Structures are given as C-alpha cells and as structure tokens.
Asks: 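Okay, here's the structure, questions in a sec.
Note that this is a predicted model, so its numbers are computed, not measured. Count residues from 1 along the sequence.
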Amino acid sequence: METRQQPSERDRPAGQRRRELLEAADRVVLRDGPKASMNAIAAEAGITKPILYRHFGDKGGLYRALAKRHTDALLDSLRLALDAPAERRERVEATLDTYLAAIEARPQVYRFLMHPAETPQPETGAAAGAGSGSGETGFDVGRHSAPLLRRLGEELAKVIHDRVELGPEGERLARVWGHGIVGMMHAAGDWWLGDRPCSRAELVRCLADLLWGRLAAVSDKAGGPGF
C-alpha cells in the first residue's frame with residue numbers, strides 16, 4: 001500500500017507555514033509567558049531554530065508578528081464593544097471590560113507582550129539561531145511593547161475623533177484622549193492583574209467614573225455614528 005508523504009518544509013505555502021509557526025509560538029507563550037524562547041518555539045513546531053529565523057528574521061520579528069496577531073484580535077473585540085447598541089456610559093464600560101477580560105483570560109500572553117523576561121540575552125539574525133545552547137532566556141520585549149500601546153492609542157483616537165465633536169482642535173484632543181485612555185487601561189490593568197485588589201466589574205466602574213467628566217458632556221458629531 002502506497003503511503004502519502006507529508007509535504008516538506010519547502011513544499012508548504014509560506015503563508016500557511018507562517019500561520020502554523022505562529023500557532024506553535026502561541027502554545028509556548030501560553031505555557032511560558034515572557035520566558036518563551038526561540039529554542040522552545042522551534043521544538044514545539046518540530047523544526048530547527050535556523051528555519052524559524054528564516055521565517056521571522058530574529059526574536060524581534062517573531063515578537064512583532066505575535067503582537068500584531070493578538071492586537072488585531074483585541075481591536076476587533078474593542079470595536080464590537082464600542083459599536084454595541086447601548087448608551088454611551090454602557091459602551092465605555094463594555095470597552096474597558098473587554099480589554100480587562102482579554103488580559104485576564106490569557107495572562108501569559110499579556111505578560112509576554114508587555115513584560116520583558118528577566119536578564120535576556122541579545123540574539124539577532126540567523127547566525128544567532130545556529131547556536132542552540134541551553135542558556136537562551138526569554139524575549140527582550142521591553143523595547144517592542146511601546147509601539148503596541150501606541151497603535152492602540154492611535155486606533156482609539158480615530159474612534160473618538162470620528163464620533164464626538166471636540167471643536168477646532170478636535171483631532172489633537174482626540175489623540176490626547178486616545179493615548180491617555182489606553183495608558184490608563186494598561187497601567188490599571190497591569191496593577192489589577194498582579195494584585196487583584198478588587199473585582200473586574202468594580203475596576204471597570206471606577207475607571208468609567210474617572211472618564212465620566214467632559215466625555216459625558218460633549219455632543220456626538222452631526223451625521224456620525226455616535227459614541
């Protein structure tokens with residue numbers, strides 16, 4: 001009986017193989033958090049580390065791909081909360097709760113994206129992948145997390161600018177608010193995830209109360225989708 005051989009690494013479409021590698025990386029991140037290593041991800045994917053570098057270039061390339069994957073999913077969820085048929089206060093609370101629920105559901109992924117591993121060792125390029133010593137530590141993500149937060153801030157700024165009337169300086173003010181709200185969510189969520197000083201619902205209510213100053217008073221833009 002003839003057996004069908006599995007396609008080799010080179011035979012698989014690049015897009016499909018990249019998705020498979022990101023899924024393998026996700027499994028390692030869920031297990032190891034910030035200590036996830038290229039060695040562990042390559043082993044999980046059943047490949048050598050040089051092949052992993054061939055697809056992503058270096059640790060930073062893999063981190064950015066994972067960050068985009070998870071940020072895209074989070075932004076989709078946040079947009080659904082913002083577009084829900086509810087009063088403004090309810091939608092603000094739903095948006096805050098969506099973010100906190102996401103980091104609570106996958107804390108290791110959150111820590112991987114936002115917290116650098118302890119005493120990371122530099123590693124770049126395929127040459128670094130040639131050595132597979134056991135001394136490799138986790139990803140040094142500290143220098144990569146700021147762009148992720150900046151992207152969230154810019155996306156929220158667009159939502160605010162498109163939906164509420166902030167006057168002639170509206171675009172600038174929307175960016176201030178967008179980045180400020182993301183910074184608040186990130187700092188408060190990080191503290192809450194580590195210390196658990198209150199329930200998620202109580203934290204959502206407290207943060208919404210903090211926001212409920214001028215945001216509650218401004219009018220929706222004429223002809224816009226409303227906020």
Side-chain angles (χ1 to χ4, degrees), residues 1-78 99 101-155 182 186 189-190 193-194:
M1 180 177 179
E2 184 179 350
T3 58
R4 180 178 298 175
Q5 293 183 339
Q6 293 295 323
S8 70
E9 177 70 26
R10 293 184 181 278
D11 290 337
R12 298 187 189 185
Q16 175 190 339
R17 192 56 179 137
R18 187 179 174 89
R19 285 192 300 272
E20 291 171 351
L21 293 176
L22 286 174
E23 287 166 5
D26 263 345
R27 292 192 294 271
V28 175
V29 169
L30 282 170
R31 184 186 72 222
D32 298 342
K35 294 182 179 180
S37 68
M38 295 294 270
N39 282 330
I41 292 168
E44 177 70 24
I47 59 174
T48 63
K49 202 160 63 167
I51 292 176
L52 194 57
Y53 279 110
R54 193 171 74 212
H55 283 275
F56 297 101
D58 59 8
K59 282 185 175 183
L62 178 57
Y63 171 85
R64 287 188 293 273
L66 285 170
K68 184 179 187 306
R69 177 184 174 96
H70 289 287
T71 305
D72 286 350
L74 176 59
L75 283 170
D76 287 344
S77 298
L78 293 175
Y99 174 82
I103 68 174
E104 182 180 37
R106 306 186 83 186
Q108 288 288 65
V109 172
Y110 169 78
R111 293 185 181 105
F112 171 81
L113 292 176
M114 293 299 179
H115 289 279
E118 295 180 0
T119 60
Q121 296 175 352
E123 182 174 357
T124 58
S132 57
S134 59
E136 183 194 353
T137 58
F139 285 65
D140 181 11
V141 304
R143 64 191 177 94
H144 298 299
S145 56
L148 190 158
L149 290 173
R150 189 168 297 141
R151 182 185 173 200
L152 289 173
E154 289 294 330
E155 290 287 341
V182 166
H186 169 59
D190 194 81
L193 193 63

Asks: Start with the C-alpha distance between Ile47 and Arg17, add both sets of side-chain angles, then the distance that settles side chain to side chain contact (heavy atoms under 4.5 Å, CB included), and finish with yes or no.
Replies: CA-CA 11 Å; Ile47 59 174; Arg17 192 56 179 137; 3.0 Å; yes
Asks: What distance do Ile41 atom CD1 and Leu62 atom CG have between them, rounded to the nearest 0.5 Å?
Replies: 5.0 Å
Asks: Is there side-chain contact between Leu22 and Phe56, with at least one heavy-atom pair below 4.5 Å?
Replies: yes
Asks: Any idea which heavy atoms bring Ala67 and Leu113 closest together, and the distance?
Replies: CA-CD2, 3.7 Å
Asks: Is there a donor-acceptor pair under 3.5 Å between the side chain of Arg106 and the backbone N or O of Leu30?
Replies: no
Asks: How many angstroms lie between CG in Leu75 and CZ in Arg151, if you round to the nearest 0.5 Å?
Replies: 5.0 Å
Asks: Would a 4.5 Å heavy-atom cut-off, applied to side chains only, mark Leu148 and Met114 as touching?
Replies: yes
Asks: Around atom CZ of Arg150, are there more than 12 heavy atoms from other residues, nucleotides or ligands closer than 6.0 Å?
Replies: no
Asks: Is the distance between the ring centroids of Phe112 and Tyr63 under 6.0 Å?
Replies: yes
Asks: Just how far is it from atom CD of Gln108 to atom NE2 of His115, taken to the nearest 0.5 Å?
Replies: 11.0 Å
Asks: Do Asp58 and Arg64 make a side-chain contact, defined as non-hydrogen atoms from C-beta onward lying under 4.5 Å apart?
Replies: yes
Asks: Say you draw a straight line from CD1 of Ile103 to NE2 of His70; how long is it, rounded to the nearest 0.5 Å?
Replies: 14.0 Å
Asks: What's the separation between atom CG in Leu52 and atom CZ in Arg54, rounded to the nearest 0.5 Å?
Replies: 10.5 Å
Asks: Using side-chain heavy atoms (C-beta onward) and a distance below 4.5 Å, is Met38 in contact with Val28?
Replies: no
Asks: What distance do Tyr110 atom OH and Leu74 atom CG have between them, rounded to the nearest 0.5 Å?
Replies: 11.5 Å
Asks: Can you find a heavy atom in the side chain of Lys35 that is under 4.5 Å from one in the side chain of Arg111?
Replies: no
Asks: Within the structure provided, determine whether Asp26 and Arg69 are in side-chain contact (heavy-atom separation under 4.5 Å).
Replies: yes
